[in-house]
Colleague: 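Pasting a structure below so you can have a look.
All heavy atoms count here, side chains included; hydrogens, waters and symmetry mates do not. Counting starts at 1 for both ligands and their atoms, following the listed order.
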Amino acid sequence: MSSQIPQNHKAAVAEKEGGSVNIVDVPTAKPGKGEILVQLKYSGVCHTDSHALIGDWPAHASFPLIGGHEGAGTVVALGEGADKYHQIGDPVGLKWLYSSCLNCDFCAAGTEPNCQKAECHGFTKNGTFQQYAITDASHATPIPKGLPLDAAAPLLCAGVTVYKAIKVANLKPGQTLAISGAGGGLGHLACQYARAAGLKVIAIDTGDEKKKLCDSYGVSAFVDFAAEKDLVAAVKAASEDGLGPHAAVVAASGAKAYEQALEYLRPTGVLVPVGLPPNATIKMDVFWSVFYSKQVRPSYVGNREDAKECLQIADEGKVKVQYKVKGLSELPQVYDDMHHGRIAGRIVLDLAR
Ligand code: 8ID
Ligand code: ZN
């Protein structure tokens, strides 16, 4: 490895599930076969990182853990065979998937997040809350050279996830999409990708700051889930013919949003579950599900191509991440703000401080 690569670097390490995060020095590893070493400059903080740390999902992360899966930096060392994918100095992004087998039916069909051998940054592998990270070269996403690394980082999970979810909804331009959690990290990008695809948007979230943000994307209506007494009626009323939106991308981290979405969708409407509140179920009455022919199509991050496309659209200036930069050491405060719903858009960590 080059002499400029330090032997140790700063990382945010959680020793155990439910524990705290400490900023410590960890050894910088050498990339193995098919791997690259990336000097990370920025990492977004996704609500998933908080779920992983708290341990409130039925799936549990491996500890001790360096969380994070929205990393942006440059390639500084190549393992054997990795030059097939990247060169030293290339700007790259680390997303949720660290690797997949690239050989099973799911990988072949482009549904690699469902690969049974998939490994995930900040969950089964150390992630992006550190200054240097090892990753599998095949899944690292090239970042367009015109896109600043801080503005690119949140696209690696929040961006690609909602970009894919909107594809799954499969709407035509002019149709209406409800976005629940519209002022959060995923949601504010969903508003923009949906608008860029020619969709009308009904944004659902709470508070003046998130309303202002959503309004700036040209949404047709903003429905405040905390202030509105009859949210279902309000969302239906905001749709053009009063029958409800054609689809709903639920990117909220609260369970109630799911029950409401199934109610406000119009007949044949499509619910795209994205947000992952713990202990949440989707209950559908069989009779009414057939009578109204509503569909549920869950969406899990996106594949390598989705990641490239979503960055490309941002590089063309059609989508802009709304973010504030904080230091790596401020991560515990960021989680606290996230739990209290105080973050409009995303927080990006500057890994140098
Ligand atoms: O691949 C996936 N499916 C995937 C990928 C990435 C993230 C899923 N996620 C999951 C996360 O694990 C998390 O559960 O999506 C959820 C949202 O992640 P996020 O955007 O990073 O979280 P956030 O920035 O905290 O935004 C959540 C928003 O939801 C609103 C909040 O006000 C916040 O703005 N919200 C809540 I909590 N309850 C709501 C409700 N009932 C609601 N908005 C509307 N209705
Ligand atoms: Zn994420």
Colleague: Side chains of T128 and H121: do they bring a donor and an acceptor to under 3.5 Å?
Modeller: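 On atom types as modelled, these side chains do not qualify, holding no pair under 3.5 Å.
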Colleague: To check your reading of the model: name the closest protein heavy atom to atom 20 (O) of ligand 1, its residue, and the distance in Å.
Modeller: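 Here the nearest protein heavy atom works out to L186 N, 2.8 Å.
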Colleague: Can you tell me which portion of W57 lies within the under-4.0 Å heavy-atom range of ligand 1? Options are side chain, backbone, both, or neither.
Modeller: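 Near ligand 1, W57 shows its side chain, while the N, CA, C and O stay back.
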Colleague: Answer with yes or no whether the side chains of Y323 and D150 bring together a donor and an acceptor at under 3.5 Å.
Modeller: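 The answer is yes; a qualifying pair exists.
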Colleague: So is G341 in contact with ligand 1, going by heavy-atom distances below 4.0 Å?
Modeller: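 Outside the 4.0 Å threshold, so no.
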Colleague: Might you confirm whether atom CD of E240 has over 12 heavy atoms from other residues, nucleotides or ligands at distances under 6.0 Å?
Modeller: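 It does not: E240 CD has 12 such atoms or fewer within range.
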Colleague: Before accepting this row, confirm whether a basic side-chain N of the pair K324/E330 lies closer than 4.0 Å to the acidic partner's carboxylate O.
Modeller: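 Salt bridge flag = no for E330 with K324.
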Colleague: Which is it for V334 and I343 under the side-chain contact (heavy atoms from CB on, under 4.5 Å) test, yes or no, and what are the steps along the way?
Modeller: CA-CA 8 Å; V334 174; I343 302 171; 4.2 Å; yes
Colleague: Give the residue, atom name and distance (to 0.1 Å) of the protein heavy atom nearest atom 21 (O) of ligand 1.
Modeller: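 Here the nearest protein heavy atom works out to R346 NH1, 2.7 Å.
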Colleague: Below 3.5 angstrom, do we get any N/O pair linking Q260 and ligand 1?
Modeller: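 No: no nitrogen or oxygen of Q260 is under 3.5 Å from one in ligand 1.
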Colleague: If you measure every N/O of G185 against every N/O of ligand 1, is any gap under 3.5 Å?
Modeller: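 G185 vs ligand 1: N/O contact under 3.5 Å present.
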Colleague: Donor-acceptor check, side chain of S239 to backbone of G244, threshold 3.5 angstrom: yes or no?
Modeller: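 It does hold such a pair.
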Colleague: Please list the nearest protein heavy atom to atom 16 (C) of ligand 1 with its residue and the distance rounded to 0.1 Å.
Modeller: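 Of every protein heavy atom, G275 CA, 3.6 Å lies nearest to atom 16 (C) of ligand 1.
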Colleague: Does ligand 1 have any atom that is closer than 4.0 Å to a heavy atom of K164?
Modeller: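 The answer is no: ligand 1 sits nowhere under 4.0 Å from a heavy atom of K164.
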Colleague: What are the atoms of ligand 1, with element, lying closer than 4.0 Å to any heavy atom of I204?
Modeller: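 Selected atoms, number and element: 43 (N), 44 (C).
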Colleague: If you measure every N/O of P277 against every N/O of ligand 1, is any gap under 3.5 Å?
Modeller: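 No; the residue has no nitrogen or oxygen that sits under 3.5 Å from a nitrogen or oxygen of the ligand.
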Colleague: Do any of the N, O or S atoms of H47 sit under 2.8 Å from the Zn ion (ligand 2)?
Modeller: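 H47 does not place any N, O or S atom closer than 2.8 Å to the Zn ion (ligand 2).
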Colleague: Relative to each other, are the rings of W96 and H69 parallel, tilted or perpendicular (30° and 60° limits)?
Modeller: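 Rings of W96 and H69: perpendicular, over 60°.
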Colleague: Heavy-atom contacts with G184 under 4.0 Å: which atoms of ligand 1 show up? List them by number with element.
Modeller: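 Selected atoms, number and element: 24 (O), 26 (O), 34 (O).
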Colleague: I'd like to know if the side chain of N303 and the backbone of G110 have a donor-acceptor N/O pair within less than 3.5 Å.
Modeller: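 Checked: pair present.
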Colleague: Of V249, D56, V301, which has the heavy atom at the shortest distance from atom 1 (O) of ligand 1?
Modeller: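 Selected option, by shortest heavy-atom distance: V301.
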Colleague: Quick test: of every protein heavy atom, which one is nearest to atom 8 (C) of ligand 1, and how far off is it to 0.1 Å?
Modeller: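 Nearest protein contact, heavy atoms only, for atom 8 (C) of ligand 1 is V274 O, 3.0 Å.
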Colleague: Side chains of K41 and L351, heavy atoms from C-beta outward: is any pair under 4.5 Å?
Modeller: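 They are not in contact (no side-chain heavy atoms under 4.5 Å apart), so the answer is no.
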Colleague: Which protein non-hydrogen atom lies closest to atom 34 (O) of ligand 1, naming both residue and atom, and how far is it?
Modeller: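 Going atom by atom, the protein heavy atom closest to atom 34 (O) of ligand 1 ends up being D205 OD2, 2.7 Å.
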Colleague: Just let me know how T161 lines up against ligand 1, side chain, backbone, both or neither, with a heavy-atom cut-off below 4.0 Å.
Modeller: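 Only the side chain of T161 comes within reach of ligand 1.
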Colleague: Please write down residue, atom name and distance for the protein heavy atom closest to atom 17 (C) of ligand 1.
Modeller: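 Nearest neighbour among protein heavy atoms for atom 17 (C) of ligand 1, to 0.1 Å: A251 O, 3.2 Å.
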Colleague: Could you say whether the N/O atoms of T48 and ligand 1 ever approach to under 3.5 Å?
Modeller: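 Among all N and O atoms of T48, at least one is under 3.5 Å from an N or O of ligand 1.
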Colleague: Of the options K117, R304, K95, K164, which is the one that meets E112 in a salt bridge (charged side-chain N to carboxylate O under 4.0 Å, His left out)?
Modeller: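 Checked K117, R304, K95, K164 against E112; only one passes salt bridge (charged side-chain N to carboxylate O under 4.0 Å, His left out): R304.
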Colleague: Within ligand 1, which atoms have a heavy atom of M338 less than 4.0 Å away?
Modeller: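 Here the atoms of ligand 1 in question are 25 (O).
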Colleague: What angle, to the nearest 10°, do the atoms SG (C157) and NE2 (H69) form about the Zn ion (ligand 2)?
Modeller: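 About 110°, to the nearest ten degrees.
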Colleague: In this structure, does ligand 1 have an atom that sits under 4.0 Å from one of the heavy atoms of A158?
Modeller: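 No, A158 has no heavy atom closer than 4.0 Å to ligand 1.
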Colleague: Would you tell me which option among F225, W96, Y258 has the nearest heavy-atom contact to atom 39 (C) of ligand 1?
Modeller: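 Among F225, W96, Y258, the closest heavy atom to atom 39 (C) of ligand 1 comes from F225.
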Colleague: Crowded around F291 CZ? As in, over 12 foreign heavy atoms under 6.0 Å?
Modeller: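 No, because the 6.0 Å sphere around CZ of F291 holds 12 heavy atoms or fewer from other groups.
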Colleague: Report yes or no: do D337 and Q333 form a side-chain donor-acceptor pair below 3.5 Å?
Modeller: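 Result is yes, a qualifying pair exists.
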Colleague: When you measure from the side chain of H60 to the backbone of W57, do you find a donor-acceptor pair of N or O atoms at a distance under 3.5 Å?
Modeller: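 Side chain of H60 to backbone of W57, a donor-acceptor pair under 3.5 Å: yes, one is there.
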Colleague: I need the atoms of ligand 1 closer than 4.0 Å to a non-hydrogen atom of Y300, numbered in the order shown.
Modeller: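 The list of qualifying atoms is 1 (O).
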Colleague: Is any NZ, NE, NH1 or NH2 atom of the basic residue among K210 and D224 found under 4.0 Å from an Asp or Glu carboxylate oxygen of the other?
Modeller: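 Salt bridge between K210 and D224, a charged N being under 4.0 Å from a carboxylate O: no.
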Colleague: More than 12 non-hydrogen atoms from neighbouring residues, nucleotides or ligands closer than 6.0 Å to CG on D241, yes or no?
Modeller: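 Atom CG in D241 is crowded, with more than 12 foreign heavy atoms closer than 6.0 Å.
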Colleague: Heavy-atom contacts under 4.0 Å between C157 and ligand 1: side chain, backbone, both, or neither?
Modeller: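 Side chain only.
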Colleague: Looking only at distance, does G181 have an N or O less than 3.5 Å from an N or O of ligand 1?
Modeller: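 Yes.
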Colleague: L276 versus ligand 1: do any nitrogen or oxygen atoms come within less than 3.5 Å of each other?
Modeller: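 Yes; at least one N/O pair falls below 3.5 Å.
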Colleague: For S299, take its heavy atoms, then give the atoms of ligand 1 lying under 4.0 Å from any of them.
Modeller: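 Under 4.0 Å from S299, ligand 1 has these atoms: 1 (O), 2 (C), 3 (N).
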Colleague: Pull out every atom of ligand 1 sitting under 4.0 Å from any heavy atom of S253, numbered as shown with elements.
Modeller: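 Ligand 1 atoms under the 4.0 Å threshold to S253: 13 (C), 14 (O), 27 (C), 29 (O), 37 (I).
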Colleague: Side chain, backbone, both or neither: which part of P113 comes within less than 4.0 Å of ligand 1 when only heavy atoms are counted?
Modeller: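 The answer is neither.
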Colleague: Would you check the N or O atoms of H47, main chain and side chain alike, for any that come under 3.5 Å of an N or O of ligand 1?
Modeller: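 In this structure, H47 places an N or O atom under 3.5 Å from an N or O of ligand 1.
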Colleague: Any luck finding a side-chain donor-acceptor pair between S99 and E119 under 3.5 Å?
Modeller: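 Note: S99 and E119 side chains miss the donor-acceptor criterion.
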Colleague: Under 30°, 30 to 60°, or over 60°: which ring-plane class applies to F129 and Y335, parallel, tilted or perpendicular?
Modeller: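 Perpendicular.
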